[in-house]
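One structure is given below, encoded as C-alpha cells.
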Amino acid sequence: MIRFDIITLFPQMFVSPFGESIIKRAQHNGLLQIEVHSLRDYTEDKHHITDDAPFGGGPGMVMKIEPIVKGIEHLKKPGETRVILMTPQGALFTQETAERLSTCSHLILICGRYEGVDERIQFFVDEEISIGDYILTGGELAAMVMVDAVARLIPGVVGERDSVLEDTFAGSLLKYPQYTRPRNFRGLDVPEVLLSGDHEKIMKWRRTEALKKTLGKRPDLLARAPLSDEDKHSVEELKK
Ligand code: SAM
C-alpha cells in the first residue's frame with residue numbers, strides 16, 4: 001500500500017482522474033491511498049495568501065515557502081516519507097523512476113503554480129521531478145501522471161500483472177504490435193503467425209517485432225537495452 005499526499009492550490013482538479021477506472025478501484029481495494037490537500041489550509045493569514053512578488057523584480061508571482069513547508073511538516077512521517085517537488089527543472093520522470101517510487105510507502109507531492117516555488121524549497125524536499133521538457137501551467141497534471149504511472153506498478157492494481165511486465169519500457173524495448181478482431185479490416189490482415197496457436201513461434205515473432213519497432217522508432221532505447229546474442233543477431237538482420 002502506498003499513500004500519496006498531494007499539496008495543491010486546486011484540489012478539485014484531481015477528482016475525476018482519481019475517481020475513475022483502475023485508480024478508483026485500487027483505492028477502493030486498499031492498494032493505494034490518495035489524499036489531496038489544499039495549500040490554503042496551511043496558510044496563517046486571514047486572506048490565505050500563497051504567493052508573492054519576486055524579490056529583485058520580474059514578471060509573475062512566486063509561491064511562498066511557509067505554507068508549503070507547513071504542509072510537508074504536517075503530513076510527513078519520519079523515516080518513511082519521500083517529499084517530491086513537481087518542477088520542470090527536476091530530473092526527468094521515466095519508467096525507472098516510477099519503479100523506484102512504487103517501492104515507497106509514503107510520497108508527498110508538491111504542485112507548483114505561477115513562476116514556481118521559492119528556491120529555498122530545495123532544503124525541504126527529497127527530490128525534484130519533471131515529467132518532460134516543456135512548461136505546464138501547474139504541477140497538478142504532472143502529479144497525476146506520476147501517481148498513475150507509479151500506481152499501475154503496485155501488484156494487484158492492474159488486473160493482469162503480465163501485461164505490466166510486458167509493457168513498453170518495462171523490458172527496455174517498445175512493446176510488440178498487438179491486434180484483435182476482426183482478422184481482416186479493409187484489406188489489412190492480422191499477421192498469420194498470431195492465428196497459428198504456436199506459442200513458441202508467437203513469442204519469437206513478438207520479440208523480433210519489438211526489436212524492429214524499437215529500432216525504427218526509438219533507436220536510442222535499443223542502444224541501452226540488454227540484448228541476448230539472439231537479439232543482437234536479429235537486430236543485425238533487421239538493419240540489412
Ligand atoms: N518559471 C518556472 C521555470 O521556468 O522553471 C516554471 C513554472 S510553471 C509555469 C508552474 C509550475 O508548474 C511549476 O512550479 C511546476 O510545479 C509545474 N510544472 C510545469 N512544468 C512542469 C513539468 N514539465 N514537470 C513537472 N512540473 C511542471
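Numbering of ligands and ligand atoms starts at 1, following listing order. For reference, positions follow the sequence shown, starting with 1. These numbers come from a predicted model, not from an experiment.
What sits closest to atom 26 (N) of ligand 1 on the protein, heavy atoms only, is T87 N, 3.4 Å. With hydrogens left out, the protein atom closest to atom 6 (C) of ligand 1 is P88 CG, 4.0 Å, a heavy atom. The nearest heavy-atom contact from the protein to atom 16 (O) of ligand 1 is M86 O, 2.6 Å. Closest to atom 20 (N) of ligand 1, if we only count protein heavy atoms, is L136 N, 3.0 Å. The protein atom (non-hydrogen) at minimum distance from atom 10 (C) of ligand 1 is Y114 O, 3.4 Å.
Taking distance alone, with nitrogen or oxygen atoms compared against 3.5 Å, G132 approaches ligand 1 more closely than that limit. Some N or O of I131 is nearer than 3.5 Å to an N or O of ligand 1, by distance alone. Checked by distance only, ligand 1 and E115 come closer than 3.5 Å through their nitrogen or oxygen atoms.
At a 4.0 Å heavy-atom cut-off, ligand 1 does not touch I110 at all. Under 4.0 Å from ligand 1, the heavy atoms of I129 that appear belong solely to its backbone.
Across M86 and M146, no two heavy atoms sit closer than the pair CE-SD, 3.6 Å.
One finds no salt bridge joining R206 and E209 here, because no Lys/Arg side-chain nitrogen approaches an Asp/Glu carboxylate oxygen to under 4.0 Å.
Of the possible donor and acceptor atoms, one in the side chain of T214 sits under 3.5 Å from a partner among the backbone N and O of L174. S38 places no side-chain N or O within 3.5 Å of a backbone atom of L9 that could act as its donor or acceptor partner. A donor-acceptor pair under 3.5 Å links the side-chain atoms of T208 to the main chain of K204, judged by distance alone. For R3 (side chain) and Q33 (main-chain N/O), no donor-acceptor pair under 3.5 Å exists by modelled atom type. Side-chain atoms of S172 never come within 3.5 Å of backbone atoms of F169 as a donor-acceptor pair (strictly under, hydrogens ignored).
Looking at G139, S130, C111 and measuring to atom 17 (C) of ligand 1, the nearest heavy atom belongs to G139.
Per-residue contacts place A142 under 4.0 angstrom from the following atoms of ligand 1 (heavy atoms of the residue considered): 25 (C), 26 (N). Shown in contact with I135 at under 4.0 Å from a heavy atom are these atoms of ligand 1, numbered in order with element: 8 (S), 9 (C), 20 (N). Interface of G116 with ligand 1, defined as ligand atoms under 4.0 Å from a residue heavy atom, comprises 7 (C), 14 (O). Those atoms of ligand 1 with a heavy atom of Y134 less than 4.0 angstrom away are 20 (N), 22 (C), 23 (N). Taking every heavy atom of G112 and a limit of under 4.0 angstrom, the matching atoms of ligand 1 come to 11 (C), 12 (O), 14 (O), 16 (O). Below 4.0 Å from some heavy atom of Q89 lie the following atoms of ligand 1, by number and element: 3 (C), 5 (O). Counting the atoms of ligand 1 from 1 in the order shown, those under 4.0 Å from a heavy atom of T137 are 10 (C), 12 (O).
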Item to check | Chi angles and distances behind the side-chain hydrogen bond (donor to acceptor under 3.5 Å, both in side chains) call for S228, D231 | outcome: CA-CA 5 Å; S228 66; D231 288 338; 3.3 Å; yes
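With rounding to the nearest 0.5 Å, the separation of CD1 in I23 from CG in L31 is 10.5 Å.
Cluster annotation: L75 is connected to I129 through the hydrophobic network of ILVMFWY side chains, with a link wherever side-chain heavy atoms come within less than 4.5 Å.
For the pair R113/E140, a side-chain contact is recorded, criterion being any heavy-atom separation below 4.5 Å from C-beta on.
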